[in-house]
Structure formats: structure tokens, C-alpha cells
Amino acid sequence: MSTQTDPANRAGVFRTKSVEQSIHDTEEPEHALKRSLSALDLTVFGVGVIIGTGIFVLTGAVAKETAGPATAVAFVIAGIVCGLAALCYAEFASTVPVAGSAYTFAYASLGELPAWIIGWDLVLEFAVGTAVVAVGWSGYFRSLLDNAGWQLPDAIAGTNSVSGFGFDLLAFLLVLLLTGILVLGMKLSARVTTVVVAIKVAVVLLVIVAGAFFIKVSNYSPFIPPASEVPGESGLQQPLIQMIFGYEPTSFGVMGIFTAASVVFFAFIGFDVVATAAEETKLPQRDMPRGILGSLFICTLLYVAVSIVVTGMQHYTELTVDAPLADAFKATGHPWYAGVISFGAVIGLTSVCMILLLGQTRVFFAMSRDGLLPRFFSRTHPRYRTPYRATLLLGIVIAIVAGLTNIEELAALVNIGTLFAFVIVALGVVILRRTRPDLPRAFRTPLVPLLPIASVAASFWLMLNLPSETWLRFGLWMLLGVLVYFVYGRSHSRLEPGAKVPH
């Protein structure tokens, strides 16, 4: 099949890459990935990346400051918002079973420039997310070492030493280790993730089952505390919606639940990473929807159960922000559970870090195979059939960033990047239904276009609740991406007329 665009497709920066061409590109021997994943593997990946710091940290902060015991309702609302996006992802992933997730979907529906923008966005989202999670993992691991009486020198613990320099050796080594696992094969990655997720879920279930014996019904009163106005942030730290409309954030009350939903939503980030593994799935048309929707459903149930138990164990006004689950057990006179929960957090963050890195490398690989990034990075390993060049490059860069940089302030970029991807995918479903109604769709998003429109509106609403500073940084990154596209990507694209396509 020709690598040139179909004559019916749009020209210029909005030229689309047909679904048939995307699938054909996966059959090139030097640029093909090995299909080895099942629906169970995909579900494990989804659960592995979703359950992370959110369930161990956000529950206490939201219950204490915005929603009270109604935090469980906020998790349900956030789960519904993600579910709307997941239904759109499921249709695309089963129709276009190619690596790249939202980037590949946008290329088939919206055009090359929008696809580049979303790919550039995903590269940032997954890279920053991996580094942030690695730094968080390092903090939990150092805490466990401290409990055992071992303490790392400040110079390699990620804290500033006397000279002002600090290197987070643990975060650096974690990313390098996970990079090696990803190079050795997707099936090995799936096996490691399965073990890690089993331990993590066991810890979460321990919290639910053990904590249920310490619930006091009186702690649920009032279930929805009375509403009260809280002071908003100033300057670029205030939410964009507050800057534009003069919106005053509320604590508690019904509106407090929706405010809490915009916060706990970020505990769900990651299910979209499952879509990046479409090309490495044995039966993607059947298994991708199962993996995406199944992992989201399981995690929503666990989140709701944990929030109900924790707010029942300890009154919401007494919950701590930093370690609510562990401290709730301490408050009931069972400190042993706190150590188990900390161990679960360390194990849990390991899988989150690996799967975010997996998603990042697959998006980079797909963009490279299309010529928008150097084709050198789209070669797969002759034995392991993994994109080893892209994986090694990104793994080393992210390991250095995680080791050298304290980047908590950039974490919000992960959130806005994910929501932006949700918007693009939902729009893409509507457009592809109109432009290619003939495509076989193993899974069809219901109520099109109403459901995708609802997904766009819900995602955009949550984006408006992010700080203005995050929007500014995101805009600058996008401008840089557009510049890179016009300087390099457009002229090297495989859809560019007369472009040479190296093999």
C-alpha cells in the first residue's frame, strides 16, 4: 500500500492518515511490535497505573477540605467523567488498533497538525508524570528505610545538601530499571506489573476489610457538611474559571462535592495509557474495550470503598492530608497497618511509573514511524520486538530529570494534558463517524454525538478548574510543539508529497 495520503483526505497540515494505512504500517518488519497482551494484561495495566498516590493521599485532603464524607460521591462523579472518555477511547482503540493512543486517533480523524499537537502533549504528559511519580516513590522508599534505621546521605537523597546540590539516586535508578524491563519485552513488563498490582490491590483490600471493623456511623454525620465560602488563590495560582468569571470556590455543600470531583479526578489519570498498547494486543478489537472499561470500573469501586471506610473510621475534620489512610489506622490504635500501607504505596508507585513510561515510549514510537520525529527511533529490537531506541532515549532522559529536579510544581501539566487528550478523542469519534461510517467498529460508543459532547464539556469544565499558571505553561509547550512541527515534522512526514521514506 502506498505511504501517500488518500486523495480524498484533506491536504496540508490537516491531511489525515487513513485507518487502513495506519494498520498497514504496523506490518513493516523493522517497525512492528510483538502482539502478546490479553484482556487480562490490559486490565492489569489499567489498574496498575490508576491506583497510585491518589487513593493514598487525595482521600484525606478532599474529605477534610471540600466534601466531607460525601467524598465517595465525588469519586463516583469523577469516575463518570472518565467513563465518558473511556467509551470514546474504547471505540477508537478497537477501530484503530495501532500504537499511539490519542495521537493515532487524531491523525485518522482531525488531521496531521492536530495529531502532532496531541502527540506533543502526550510526550510531555507521560514524561513529567513518570518523573513526578519516580520522585514520589523515592520519598516513600526513603521513609521505609528510615523506619528500618537506614538513612541516605542528603547529596543522593534528593534533598539539598550544604553545597545546594542534591541528586535523587533512588528515583534515577528506578527509572533506569523500569527502562530495562520495557526493552526486554512487553510480556515481561506485563508479568512484573501483574505481581506488583496484585500486592497493591491486596493492600487496598486490606484497608477496606480491616477498616470496616473500625467504622463509627456517627462519623458520617453530617454526610454533606454545610456550605461555606473559602478564600480563592491570587494571581496565576487561582483557577482559570475564577480569573475569568470571578467564581468563588466553595467548601462542602453540594457544590463542594463537584469541587472535590475536579480534584479526585486526577486519581483516575492513566487509564488512557492502556490504549497505547493496542498494537501489542493479540485481539485488540475485542480486548481493548475490556481492558479500558474494566480497569476503570474496578478502580472506581475501590476508590469509593476506601473513601467510605476512611471517613467512617475517623471524622472528616480530624483526617490528615499527607497520609490519611495510615493515620486513620493509627488513630484507632493500630499503627501496624500504617507500615503496610506505606509499603503498598511504594509497590503501587512502581507500577504507575513503569506504565507511564510505557505509554510515553509508544506515543514517541508512533510519531517517529510516521516521520514526524526521526525515523531512527521507530526501529524495533530484532529479538524482543520492542521500540528499544525510543525507550532507551526517553528512559535515560527521564531518569536524569527525576534525579536532578524537584518538579512537583509541574505535576498539574499531567492533568491538563490528560484532559486535553480526552477532548481530542471525543471530538475524533464524532468526526470519524461522519467521514468513515464504513469502518468496522468492534465497539461503538453509545449515543453519538451526545455522549462525546458530554465528555468534551465535562473535561473542559475540569480544565477550567486548573490554575492559570498551568494553562500558561501548557500554552508555551504547545507553541514550542507547533514550531518543531513546522521546522521538522511537516517536511519529514510520510504523508508529505515526494517525501523519502527510509526503511
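- Qualifying ring-ring contact (aromatic ring centres under 6.0 Å, His included) partners for Tyr220, counting only residues two or more places apart in sequence or in other chains: none.
- Shown here are the side chain to side chain donor-acceptor pair (under 3.5 Å) partners of Glu279, two or more places apart in sequence or in another chain: Arg369.
- Sorted by first and then second residue, the salt bridge (Lys or Arg N to Asp or Glu O under 4.0 Å) pairs involving residues 284-293 (not counting sequence neighbours) form an empty list.
- Between Glu318 and Lys64 no salt bridge is recorded (no basic side-chain N to carboxylate O distance below 4.0 Å).
- Under 3.5 Å, the side chains of Arg385 and Thr380 contain a donor-acceptor pair of N or O atoms.
- The aromatic ring centres of Tyr103 and Tyr107 sit less than 6.0 Å apart.
- The ring-ring contact (aromatic ring centres under 6.0 Å, His included) check on Phe126 picks up nothing, with sequence neighbours excluded.
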Verdict with supporting geometry, Thr386 and Lys34, side chain to side chain donor-acceptor pair (under 3.5 Å) | CA-CA 7 Å; Thr386 55; Lys34 183 179 180 180; over 6 Å; no
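- By the ring-ring contact (aromatic ring centres under 6.0 Å, His included) test, Phe141 is found to be paired with Trp137, residues two or more places apart in sequence or in another chain being considered.
- With hydrogens and angles left out, the side-chain atoms of Thr418 and Glu125 include a donor and acceptor closer than 3.5 Å.
- Interatomic distance, Ile118 CD1 to Thr104 OG1, rounded to the nearest 0.5 Å: 11.5 Å.
- Scored by the ring-ring contact (aromatic ring centres under 6.0 Å, His included) test, Phe365 finds no partners at all (sequence neighbours excluded).
- Ring geometry for Phe214 against Phe329 counts as perpendicular: the plane angle is over 60°, on a 0 to 90° scale with 30° as the lower cut.
- Ring geometry for Phe75 against Tyr303 counts as tilted: the plane angle lies between 30° and 60°, on a 0 to 90° scale.
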Taking it one step at a time, do Asp41 and Lys282 satisfy salt bridge (charged side-chain N to carboxylate O under 4.0 Å, His left out)?
-> CA-CA 11 Å; Asp41 293 327; Lys282 294 177 182 177; over 6 Å; no
